A.B. asks: 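A single structure is presented below for examination.
Bear in mind that the values here come from a model prediction, so they are computed numbers and not experimental data.
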Amino acid sequence: VQLQASGGGLVQPGGSLTLSCAASGLTLDYYNIGWFRQAPGKERLGLSYMSVIDGSTAYADSVKGRFTISKDNAKNTVYLQMNSLKPEDTAVYYCGAGAGPLSATTFLAGVGVTHWGQGTLVTVSS
């Protein structure tokens, strides 16, 4: 079972980036999925969540309106579209998946996330 995150890189403030998380050994359609990040010296932060039950989404206040989570079942891949990037968005970004009836609050706290991607670095700088 593996989640392979990719798409990170260097982007200027105000720019956009799309992260991908490809799954192997598990079917994402059967899991709650989402994205997290951890900046140097800071705790991990849950950013976005998509429910396995109804596909509803939730976002941290700091990224709401700028980031969008989506999923392609045919490719077994989840995406994070990031727009209007700010220097404070600089971090290592991780995808995660967890089974069961997990609420957005629970999932974004990292509770119940049983599968983690390896992380991809996003640097927002001019």
Side-chain angles (χ1 to χ4, degrees):
V1 175
Q2 186 178 15
L3 297 178
Q4 183 72 37
S6 61
L10 174 64
V11 61
Q12 291 187 342
S16 298
L17 208 58
T18 300
L19 305 182
S20 301
C21 177
S24 58
L26 77 163
T27 302
L28 289 178
D29 201 29
Y30 299 154
Y31 288 81
N32 303 284
I33 54 176
W35 289 90
F36 302 77
R37 73 185 181 195
Q38 187 163 20
K42 294 188 176 182
E43 293 187 353
R44 185 185 62 207
L45 173 69
L47 302 176
S48 64
Y49 156 88
M50 180 178 284
S51 169
V52 66
I53 296 174
D54 58 6
S56 59
T57 59
Y59 298 89
D61 288 343
S62 58
V63 303
K64 196 173 296 182
R66 299 189 298 125
F67 290 12
T68 303
I69 185 172
S70 62
K71 182 179 61 170
D72 186 329
N73 289 332
K75 295 182 178 180
N76 207 24
T77 299
V78 59
Y79 303 95
L80 185 67
Q81 173 68 44
M82 305 185 294
N83 299 324
S84 303
L85 284 163
K86 307 174 182 179
E88 51 264 42
D89 293 320
T90 295
V92 177
Y93 284 68
Y94 301 88
C95 54
L102 299 174
S103 70
T105 301
T106 299
F107 186 93
L108 292 176
V111 177
V113 178
T114 54
H115 303 287
W116 293 93
Q118 87 286 5
T120 184
L121 176 63
V122 173
T123 303
V124 184
S125 175
S126 54

A.B. asks: We want to know whether D54 and S56 form a side-chain donor-acceptor pair, criterion being a heavy-atom distance below 3.5 angstrom.
C.D. replies: yes

A.B. asks: Whether the side chain of N32 engages the backbone of V52 through a donor-acceptor N/O pair (distance < 3.5 Å, no angle test) should be reported.
C.D. replies: yes

A.B. asks: Is there a donor-acceptor pair closer than 3.5 Å between any side-chain N or O of Q118 and the backbone N or O of A5?
C.D. replies: yes

A.B. asks: OG of S62 to CZ of F67: how many Å apart, nearest 0.5 Å?
C.D. replies: 7.5 Å

A.B. asks: Using the disulfide bond (SG atoms under 2.5 Å apart) rule, collect all pairs that involve residues 1-107, keeping only residues at least two apart or in two chains.
C.D. replies: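 Found C21-C95.
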
A.B. asks: Measuring from T68:OG1 to L80:CG, what's the distance to the nearest 0.5 Å?
C.D. replies: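 Atom-to-atom, T68:OG1 and L80:CG are 8.0 Å apart.
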
A.B. asks: For a quick check under 3.5 Å, do S126 and Q12 share a side-chain donor-acceptor pair by atom type?
C.D. replies: no

A.B. asks: Report the residue from I33, L19, D72 that forms a side-chain contact (heavy atoms from CB on, under 4.5 Å) with V78.
C.D. replies: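 Going through the options one by one, the only one that passes is I33.
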
A.B. asks: As a quick check of understanding, evaluate salt bridge (charged side-chain N to carboxylate O under 4.0 Å, His left out) for K64 and D61, giving each step before the final call.
C.D. replies: CA-CA 5 Å; K64 196 173 296 182; D61 288 343; 3.1 Å; yes

A.B. asks: Heavy atoms only: give me the nearest S16-Q81 pair and the separation to one decimal.
C.D. replies: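 Closest pair (atom of S16, atom of Q81, distance): CB-NE2, 3.9 Å.
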
A.B. asks: Which pair of non-hydrogen atoms, one from K42 and one from Q38, has the smallest distance, and what is that distance?
C.D. replies: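 In terms of heavy atoms, the two residues are closest at O-NE2, 3.1 Å.
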
A.B. asks: Please assess S48 against T57 for the test side-chain contact (heavy atoms from CB on, under 4.5 Å), listing each intermediate value before the final yes or no.
C.D. replies: CA-CA 7 Å; S48 64; T57 59; over 6 Å; no

A.B. asks: Do other residues, nucleotides or ligands put more than 12 heavy atoms under 6.0 Å from the CD atom of E88?
C.D. replies: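 Atom CD in E88 is crowded, with more than 12 foreign heavy atoms closer than 6.0 Å.
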
A.B. asks: When Ile, Leu, Val, Met, Phe, Trp and Tyr are grouped by side-chain heavy atoms lying under 4.5 Å apart, directly or through other members, which residues fall in the same group as L102?
C.D. replies: F36, Y49, V92, Y94, F107, L108, V113, W116, L121

A.B. asks: Identify the two heavy atoms, one from A60 and one from G46, that lie closest to each other, and give their separation to 0.1 Å.
C.D. replies: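 Between these two residues, the closest heavy atoms are CB-O, 3.3 Å.
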
A.B. asks: Can you find a pair of side-chain heavy atoms, one from V63 and one from R37, that are under 4.5 Å apart?
C.D. replies: yes

A.B. asks: Does I53 offer a backbone N or O that forms a donor-acceptor pair with the side chain of S51 under 3.5 Å?
C.D. replies: yes

A.B. asks: Should V122 and I69 be counted in the same cluster of Ile, Leu, Val, Met, Phe, Trp and Tyr side chains packed under 4.5 Å apart?
C.D. replies: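 Cluster IDs for V122 and I69 match.
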
A.B. asks: Can you check whether L28 reaches L3 side chain to side chain, under 4.5 Å on heavy atoms?
C.D. replies: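 A side-chain contact under 4.5 Å exists here.
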
A.B. asks: Is the backbone of A22 close enough, under 3.5 Å, to the side chain of N76 for a donor and an acceptor to pair up by distance?
C.D. replies: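 Not confirmed, N76 side chain does not pair with A22 backbone.
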
A.B. asks: Please confirm whether the backbone N or O of V124 pairs with a side-chain atom of T90, one donor and one acceptor, at under 3.5 Å?
C.D. replies: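 Checking the backbone N and O of V124 against the side chain of T90, a donor-acceptor pair under 3.5 Å is found.
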
A.B. asks: Sorted by first residue and then second, give each disulfide bond (SG atoms under 2.5 Å apart) pair with at least one member in residues 32-82; sequence neighbours left out.
C.D. replies: none

A.B. asks: Should D89 and V11 count as side-chain neighbours, where that means a heavy-atom distance under 4.5 Å?
C.D. replies: no

A.B. asks: Taking the six-membered ring for Trp, are Y31 and H115 parallel (under 30°), tilted (30 to 60°) or perpendicular (over 60°)?
C.D. replies: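 Aromatic pair Y31/H115 classed perpendicular.
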
A.B. asks: Within the structure provided, determine whether M82 and R66 are in side-chain contact (heavy-atom separation under 4.5 Å).
C.D. replies: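 The answer is no; the side chains never approach within 4.5 Å.
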
A.B. asks: Quick check on the hydrophobic clustering: are Y59 and L45 connected, directly or via other members, by side-chain heavy-atom contacts under 4.5 Å?
C.D. replies: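 Yes; L45 is reachable from Y59 via cluster members.
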
